[in-house]
Protein chains: 2
Amino acid sequence: MPRDIDRRAARTRKALHQALLTLMLRKGYEALSVQDIIDEADVGRSTFYAHYTGKEDLLRSGFQMLRGELEEAQSTARAGAEASHDDPLGFSTAMFEHAARYADHYRTMIGGRGGAVTENEIRLILSEMVRQELPPTLYGDAIPRDFVVQFIADAFLTALNWWFERKPRLLPSQVDAMFRRLVLGGLSQLIGDERRQIDRPAANRDTD
Amino acid sequence: MPRDIDRRAARTRKALHQALLTLMLRKGYEALSVQDIIDEADVGRSTFYAHYTGKEDLLRSGFQMLRGELEEAQSTARAGAEASHDDPLGFSTAMFEHAARYADHYRTMIGGRGGAVTENEIRLILSEMVRQELPPTLYGDAIPRDFVVQFIADAFLTALNWWFERKPRLLPSQVDAMFRRLVLGGLSQLIGDERRQIDRPAANRDTD
DNA sequence: ATGATAATGGACAGCTTGTTCGGGATTTTC
DNA sequence: GAAAATCCCGAACAAGCTGTCCATTATCAT
């Protein structure tokens, strides 16, 4: 029996992934049928179902690959770097660079093209990254920690979306700088010095 | 010919909207078929197509109603209030209260239940609101204005999502306070006093 | 080369979609 | 109240997609 995966199988899977990528960029995930995918990939119907249980399975498979890539990039980029908790947004630099490298893949996931599955997956991954870097104790207890985590993760997605849709020629480092400054410093730094002192509302004692 | 809409037609449309609402809360928009909707609404197949061209048409129709409600609420809530540019997040208070009032409707739109159509529509509406309130000139030019607009709009959606999914018993005013503090003051206020001074990166001169 | 193994393509029934039609019920108008 | 207009309903239709089956073909190990 063959130790490695059969070359034919590898070729088929690559063709299917490529077809999914192409079609998602063109029509979006939800509007896609299995028929479209196998037509684009030039693959038989039963062949598709021999490899994947449906289009969602194919989608998740591709997502896993990208996730593996990402985790590797994260760990190498931050191997000898400063320890965590030093920079609460430490994930962002490597992440923006990874997005630039796999621009087509990331493009399928944003702007509503990815469907609910992709959206949820990427938000989960990001939330987990942020959670590991955010200091366990926040100043005061006025804002719950998981709220802050979601805030950061979604802000990153916003930056990514804006980057690809509006200014795709920017360098990853440039977008990263804007992202960090806005999330760290907030809006008050941008709207004039006289409002620099934000009002500090009393911490709500009875938050459910 | 009847001056007003026929009562039967109004009843049918109301039943269809209610069915869509119920089913979206249960299964999400994308997983819904026209068959599901007319079964839930107890309406004939041809009747449905006599009123709407498909499920997306029905969705947009309901969305228009809610939008009308919202714009009315916004204008009345801020009739005699302070003029714009005074508070860059002036929309949020009335918006959170509107969301509390129409909780079921808003719940269908967040958490991936609403599908790409809803997501895009609500982001457009929010962006427009924010754009009108944000001062035309931002401190420095390091961060493009439309990036800031998207940042605020998406942060609001994050807050709304977190509110409904995690702490639905909070009052609108409480969520509003957290939202404003986080967006205005940023992350640096939460992670210890020694990092209160954020580093100010030099404005990028060549942003494309 | 040759048998074993695995991928392939096309055909199949079952289901959903969107449309059309005539009979029957309800509302509006007079 | 009765007539006329309008709307709802149910059935039936072609078209498309889905998931499964099996005989055929191409690739692998010896």
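Chain naming here is simple, since letters A, B, ... match the order of the sequence lines and numbering starts at 1 in each.
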S.K.: Taking only nitrogen or oxygen atoms into account, show me every contact under 3.5 Å that the protein makes with nucleotides 25-27 of chain D, one pair per line with its distance.
M.R.:
residue: dA26(D); atom: N3; partner: R8(A); partner atom: NH1; Å: 3.1
residue: dT27(D); atom: O4'; partner: R8(A); partner atom: NH1; Å: 3.4

S.K.: Return the residues of residues 31-41 of chain B meeting this criterion: a heavy atom under 4.0 Å from some atom of DNA chain C. Order them by number, or give none.
M.R.: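 Within residues 31-41 of chain B, the residues near DNA chain C are S33(B), V34(B), Q35(B).
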
S.K.: Under the salt bridge (charged side-chain N to carboxylate O under 4.0 Å, His left out) rule, collect the residues that match up with E71(B), sequence neighbours excluded.
M.R.: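 Residues passing salt bridge (charged side-chain N to carboxylate O under 4.0 Å, His left out) with E71(B): R67(B).
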
S.K.: Angle between the end axes of the helix from dA1(C)-dT30(D) to dC30(C)-dG1(D), five pairs per end, to the nearest 10 degrees?
M.R.: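 Both end axes considered, the difference amounts to 30°.
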
S.K.: List the residues meeting side chain to side chain contact (heavy atoms under 4.5 Å, CB included) with A94(B), not counting sequence neighbours, and say none if there are none.
M.R.: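 A94(B) satisfies side chain to side chain contact (heavy atoms under 4.5 Å, CB included) with Q74(B), A77(B) only.
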
S.K.: Could you list the residues that satisfy salt bridge (charged side-chain N to carboxylate O under 4.0 Å, His left out) with D36(A), not counting sequence neighbours?
M.R.: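 By the salt bridge (charged side-chain N to carboxylate O under 4.0 Å, His left out) rule, D36(A) matches K27(A).
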
S.K.: Which residues pass the side chain to side chain contact (heavy atoms under 4.5 Å, CB included) test with E30(B), sequence neighbours left out?
M.R.: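 Partners of E30(B) by the side chain to side chain contact (heavy atoms under 4.5 Å, CB included) criterion, ordered by chain and then number, come out as E30(A).
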
S.K.: Among residues at least two apart in sequence or on other chains, which ones pass side chain to side chain donor-acceptor pair (under 3.5 Å) with N161(A)?
M.R.: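 Scan of N161(A) (side chain to side chain donor-acceptor pair (under 3.5 Å), adjacent residues dropped) gives none.
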
S.K.: Going by atom type alone, with no hydrogens or angles, which donor-acceptor pairs under 3.5 Å involve a side-chain atom of residues 45-54 of chain B and a protein atom two or more places apart or on another chain?
M.R.:
residue: R45(B); atom: NH1; partner: Q35(B); partner atom: OE1; Å: 3.1
residue: H51(B); atom: ND1; partner: R13(B); partner atom: NE; Å: 3.1

S.K.: Between residues 43-55 of chain A and DNA chain D, which residues have a heavy-atom gap below 4.0 Å?
M.R.: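 When residues 43-55 of chain A is checked for heavy atoms under 4.0 Å from DNA chain D, the hits, listed by number, are R45(A), S46(A), Y49(A).
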
S.K.: Only pairs under 3.5 Å count here: list side-chain donor-acceptor contacts from residues 59-66 of chain A, not counting sequence neighbours, and write none if there are none.
M.R.:
residue: R60(A); atom: NE; partner: E56(A); partner atom: OE2; Å: 3.1
residue: R60(A); atom: NH1; partner: E121(A); partner atom: OE2; Å: 2.6
residue: R60(A); atom: NH2; partner: E56(A); partner atom: OE2; Å: 2.9
residue: S61(A); atom: OG; partner: H17(A); partner atom: NE2; Å: 3.2

S.K.: What pairs with D39(A) under salt bridge (charged side-chain N to carboxylate O under 4.0 Å, His left out), at least two apart in sequence or on another chain?
M.R.: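 If we apply the salt bridge (charged side-chain N to carboxylate O under 4.0 Å, His left out) test to D39(A), skipping adjacent residues, there are no hits.
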
